[in-house]
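The structure appears right after this line, and notes come after that.
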Amino acid sequence: ELQNGPSKPSLRKLYAELAKIRLSLLVVVTTGAGFIMASPLGTDWLMLLWTVLGTAACAGSAAALNQLAERIRDSKMHRTQNRPLPTGNVSRAHAFIFGIVLAYIGVAILSFGANIESAGIALLTILLYVLVYTPLKPLTTFNTVAGAVVGALPPLIGWVAASGGISEGGWILAGILYIWQIPHFLALAWMYREDYERGGFKMLPAIDKTGELTARVSVITSLCLIPLALFL
């Protein structure tokens, strides 16, 4: 009996991969933490639900639009070549529509379920991820610094949704997440340095052949988390 090739993944699985659902769920956790920490008089659980749903949709939007922009580079890397766009399982138009619709849904949920300020931060996060961080990745090793800004904003979405403004606690949470991402990104970039080089991404380990500078930056930024966390 003849065997067919591997079947095409289900649309649900393709959408999950486009939205990087596991990474988006981690983003939601930081948003929820910001919301709860900004609610000292009791948590509005319904508003928290709307906040995390809206944030999840915005995170999925940014992931899909990022993959659309990086589809050619992703096709050159072993760890990303099986994503929906490089494999041709999803068209560019499909990915674009999916990303835009998710952004619209996420911003709308935050606007009506929480407040317009949190929706504005979420929209800013999408724009920074797609229009600033993504184009910088093949240009400069400082893309990590810009990318960390994007990852630091979700707890502020939760904080502003709960309190209507940003106080010292919100900035400290964002700062902790910002600093933490630098050694995190550098560790991943070191593990996959050959793959990143194939894709044409300018990550620090790609130019730091011995790994000494990467290690120093990772240790210094990790140590910075100690005083920053104590500010809480």
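The figures here come from the full heavy-atom set of this structure, side chains too, leaving out hydrogens, waters and symmetry mates.
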Name the orientation class of the two ring planes belonging to Y196 and Y192 (parallel below 30°, tilted from 30 to 60°, perpendicular beyond 60°).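 If you compare the ring of Y196 with that of Y192, the planes turn out perpendicular.
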Do the rings of Y15 and H94 sit parallel, tilted or perpendicular, given the 30° and 60° boundaries?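 The arrangement is perpendicular - the two ring planes meet at more than 60°.
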Going only through I, L, V, M, F, W and Y residues with side-chain contacts under 4.5 Å, is there a path from I100 to V90?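 Yes, one cluster joins them.
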Given the rule that I, L, V, M, F, W and Y join up when any side-chain heavy atoms are under 4.5 Å apart, are Y133 and I182 in one cluster?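 Both belong to a single hydrophobic cluster.
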[Y]/[X] salt bridge by N-O under 4.0 Å criterion:
{"X": "E197", "Y": "R73", "value": "no"}
{"X": "R216", "Y": "E212", "value": "yes"}
{"X": "D74", "Y": "R71", "value": "no"}

Using a 4.5 Å cut-off on heavy atoms from C-beta on, say whether the side chain of [Y] contacts that of [X].
{"X": "D44", "Y": "L46", "value": "yes"}
{"X": "L128", "Y": "L153", "value": "yes"}
{"X": "E17", "Y": "Q67", "value": "no"}
{"X": "L177", "Y": "L173", "value": "no"}
{"X": "W171", "Y": "I166", "value": "yes"}
{"X": "F231", "Y": "E168", "value": "no"}
{"X": "I172", "Y": "I176", "value": "yes"}
{"X": "T144", "Y": "M203", "value": "yes"}

Between the main-chain N or O of [Y] and the side-chain N or O of [X], is there a donor-acceptor pair closer than 3.5 Å?
{"X": "T87", "Y": "R83", "answer": "yes"}
{"X": "N143", "Y": "K202", "answer": "yes"}
{"X": "T134", "Y": "L131", "answer": "no"}

More than 12 heavy atoms of other residues, nucleotides or ligands under 6.0 Å from [atom1] of [X]: is that the case?
{"X": "Q81", "atom1": "CD", "value": "yes"}
{"X": "L139", "atom1": "CG", "value": "yes"}
{"X": "W190", "atom1": "CH2", "value": "yes"}

Might you work through the side chain to side chain contact (heavy atoms under 4.5 Å, CB included) test for K137 and E70, ending with a clear yes or no? CA-CA 10 Å; K137 289 169 74 175; E70 293 183 344; 3.0 Å; yes
Return a table of donor-acceptor pairs under 3.5 angstrom between the side chains of residues 53-62 and protein atoms on other chains or two or more places apart.
residue: T55; atom: OG1; partner: T51; partner atom: O; Å: 2.8
residue: S61; atom: OG; partner: G99; partner atom: O; Å: 2.7

Out of curiosity, L110 CG to S118 OG, how far, rounded to the nearest 0.5 Å?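 Here the rounded value is 4.5 Å.
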Rounded distance (nearest 0.5 Å) linking atom CZ of F35 with atom CH2 of W45: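 Spacing of CZ (F35) from CH2 (W45) equals 9.0 Å.
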Closest approach of [X] to [Y] (non-hydrogen atoms, all atoms of both residues):
{"X": "Y178", "Y": "V145", "result": "OH-CG1, 2.9 Å"}
{"X": "I126", "Y": "L65", "result": "CG2-CD1, 4.5 Å"}
{"X": "K20", "Y": "N66", "result": "NZ-OD1, 3.6 Å"}

Which residue pairs satisfy the side-chain hydrogen bond (donor to acceptor under 3.5 Å, both in side chains) criterion with at least one member in residues 25-39, sequence neighbours excluded?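 Every candidate side-chain hydrogen bond (donor to acceptor under 3.5 Å, both in side chains) pair involving residues 25-39 fails, so no pair, neighbours aside, qualifies.
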side-chain hydrogen bond (donor to acceptor under 3.5 Å, both in side chains) between T214 and D208, intermediate numbers included: CA-CA 7 Å; T214 302; D208 177 29; 2.8 Å; yes
